[in-house]
S.K.: 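Take this structure, written in structure tokens, and hold onto it; I'll ask about it next.
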Amino acid sequence: AATGNRYIPWRLVGRGLADASSLVEAFLDLLDLPFSRFEADKVVTLLDRPALRRRFGLVEADAEQVRHWVRELGICWGIDTGDMVELEFSTGGRHTWRVGTDRLLLGHALGEAGALFSGILPKAPSDGSEAQIAGRLRTFLEQLIALRTDLDSSRTVVSWIEVANRVLDRFFQVESDDEVELRRLREHLTAIAKVTAVAEYNGEVSLVVFRDALKARISGTTSGQFMT
């Protein structure tokens, strides 16, 4: 078994993060979820990424519809009331994602009766196609929420790599123009696994350590040691 401080060495050659593809940028944004407040602009920006959008059955025009709802419903940040309490905000859940999308889903089911239902004022989508978009948006949000929970812990490097590969499977539907970048991302993950094995390190690391090591490998602009 390994003892004492261990370092995972790397030597990097490649492009900078500024040149990263849309898929890579979206993947790294997903890894940043635990450090966000689910700000409306950051969540909606994820839907600008075609490979991610496709996974949830959405098209570019749907992302614009989501932006319209965000403005109309006053969605600002936070998952729900409980999340706002954890963030130590006293504004309640009125401007959170779940309350906003609850209004859309209840509006589709009940119509706009002008009365509260379980404390929520329904807001009906204008037609059946918009109701489908609302449902797919909610599915996307629930996947994001589940991912934030998955990322909120320390893991072994091998476990982080497994999580990262699941993220790629769960959040992206690639076409031919994305296949090279997806393969390259998986190769970076495999490379990290190999140097971890060489270092004989089996301890846990935080998401920050894993994410930053992966970003460094993707950027290909530095060389040094990944301290574990």
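For this chain, numbers begin at 1 and follow the sequence in order.
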S.K.: Test your reading of the model: is there a side-chain donor-acceptor pair from Trp160 to the backbone of Val205, 3.5 Å cut-off?
M.R.: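 Between the backbone of Val205 and the side chain of Trp160 there is a qualifying donor-acceptor contact (under 3.5 Å).
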S.K.: Might you point out which heavy atoms bring Ala63 and Val44 nearest each other, and give the distance in Å?
M.R.: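 Answer, listing the atom of Ala63 first, then Val44: O-CG1, 4.3 Å.
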S.K.: Using distance only, find each side-chain donor-acceptor pair of residues 167-179 under 3.5 Å and give its atom names and separation, not counting sequence neighbours.
M.R.:
from   : atom 1 : to     : atom 2 : distance (Å)
Asp169 : OD1    : Arg186 : NH2    : 2.7
Asp178 : OD2    : Arg54  : NH2    : 2.8

S.K.: Would a 4.5 Å heavy-atom cut-off, applied to side chains only, mark His188 and Leu214 as touching?
M.R.: yes
S.K.: What's the separation between atom CD1 in Ile75 and atom CD in Glu39, rounded to the nearest 0.5 Å?
M.R.: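 Between Ile75 CD1 and Glu39 CD, I get 13.5 Å after rounding to 0.5 Å.
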S.K.: Working to the nearest 0.5 Å, report the span between OG of Ser22 and CD of Glu181.
M.R.: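 Here the rounded value is 10.0 Å.
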S.K.: Using the rule given for side-chain contact (heavy atoms from CB on, under 4.5 Å), can you reason through Trp69 versus Ile133, listing the C-alpha separation, both sets of side-chain angles and the distance that settles it, and then say yes or no?
M.R.: CA-CA 11 Å; Trp69 282 331; Ile133 297 170; 3.7 Å; yes
S.K.: For Val158, which residues count as a side chain to side chain contact (heavy atoms under 4.5 Å, CB included) partner, sequence neighbours excluded?
M.R.: Thr156, Glu162
S.K.: Taking all non-hydrogen atoms of both residues, which atom of Leu207 and which atom of Leu31 are closest, and how far apart?
M.R.: CD2-O, 3.3 Å
S.K.: Between Ile218 and Leu185, is there a side-chain heavy-atom distance shorter than 4.5 Å?
M.R.: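 Yes - at least one pair of side-chain heavy atoms lies under 4.5 Å apart.
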S.K.: Which residues pass the side chain to side chain contact (heavy atoms under 4.5 Å, CB included) test with Ser206, not counting sequence neighbours?
M.R.: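 Ser206: side chain to side chain contact (heavy atoms under 4.5 Å, CB included) contacts with Ser154, Val208, Val209.
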S.K.: Salt bridge or not for Asp29 and Arg49, using N-O below 4.0 Å?
M.R.: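 Yes, charged N to carboxylate O under 4.0 Å.
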S.K.: What heavy-atom pair brings Leu30 and Leu151 nearest, and what distance separates the two atoms?
M.R.: O-CD1, 3.4 Å
S.K.: How would you list, by chain and number, every residue that makes a side-chain hydrogen bond (donor to acceptor under 3.5 Å, both in side chains) with Ser129, sequence neighbours excluded?
M.R.: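 With sequence neighbours excluded, Ser129 shows a side-chain hydrogen bond (donor to acceptor under 3.5 Å, both in side chains) to Asp127, given in chain and number order.
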S.K.: Would you kindly confirm whether Phe35 and Leu28 end up in one hydrophobic cluster when ILVMFWY residues are joined by side chain heavy atoms under 4.5 Å apart?
M.R.: yes
S.K.: Answer whether the closest heavy-atom distance between the side chains of Thr190 and Lys194 falls below 4.5 Å.
M.R.: yes
S.K.: Looking at every non-hydrogen atom in both residues, tell me the closest pair between Leu141 and Val43 and how far apart they are.
M.R.: CD2-CG1, 3.9 Å
S.K.: Would you say Trp97's side chain and Phe38's backbone share a donor-acceptor pair under 3.5 angstrom?
M.R.: yes
S.K.: Taking all atoms of both residues into account, what is the closest heavy-atom pair of Ala191 and Arg217, and its distance?
M.R.: CB-NH1, 3.6 Å
S.K.: If you define the side chain from C-beta out and look only at heavy atoms, does anything of Asp62 sit under 4.5 Å from Val66?
M.R.: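 The answer is no; the side chains never approach within 4.5 Å.
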S.K.: CD of Glu204 to OG of Ser159: how many Å apart, nearest 0.5 Å?
M.R.: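 Rounded to the nearest 0.5 Å, the CD-OG separation comes to 8.0 Å.
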S.K.: Are any non-hydrogen side-chain atoms of Leu52 and Leu47 less than 4.5 angstrom apart?
M.R.: yes
S.K.: How close do Asp150 and Arg155 get, heavy atom to heavy atom, and via which atoms?
M.R.: O-NH2, 3.1 Å
S.K.: Hey, are the side chains of Ile145 and Arg98 touching, using non-hydrogen atoms and a 4.5 Å cut-off?
M.R.: yes
S.K.: Main chain of Gly57, side chain of Arg136: is a donor-acceptor contact present, judged purely on distance under 3.5 Å?
M.R.: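 Side chain of Arg136 to backbone of Gly57: a pair is present.
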S.K.: For residues Gln143 and Phe140, determine if any side-chain heavy atom of one lies less than 4.5 Å from a side-chain heavy atom of the other.
M.R.: no
S.K.: Atom CG in Leu137, atom CG in Leu58: separation rounded to 0.5 Å?
M.R.: 7.5 Å
S.K.: Supply the atom-to-atom distance Leu144 CG to Lys42 NZ, rounded to the nearest 0.5 angstrom.
M.R.: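 Answer rounded to 0.5 Å: 13.5 Å.
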S.K.: Identify, with sequence neighbours excluded, every residue that meets salt bridge (Lys or Arg N to Asp or Glu O under 4.0 Å) alongside Glu64.
M.R.: Arg67
S.K.: List the residues meeting salt bridge (Lys or Arg N to Asp or Glu O under 4.0 Å) with Arg138, not counting sequence neighbours, and say none if there are none.
M.R.: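 Expected list: Asp102, Glu142.
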S.K.: Is there a side-chain contact between Asp32 and Arg211, using heavy atoms and a 4.5 Å cut-off?
M.R.: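 When only atoms from C-beta onward are counted, Arg211 and Asp32 do touch, with a gap below 4.5 Å.
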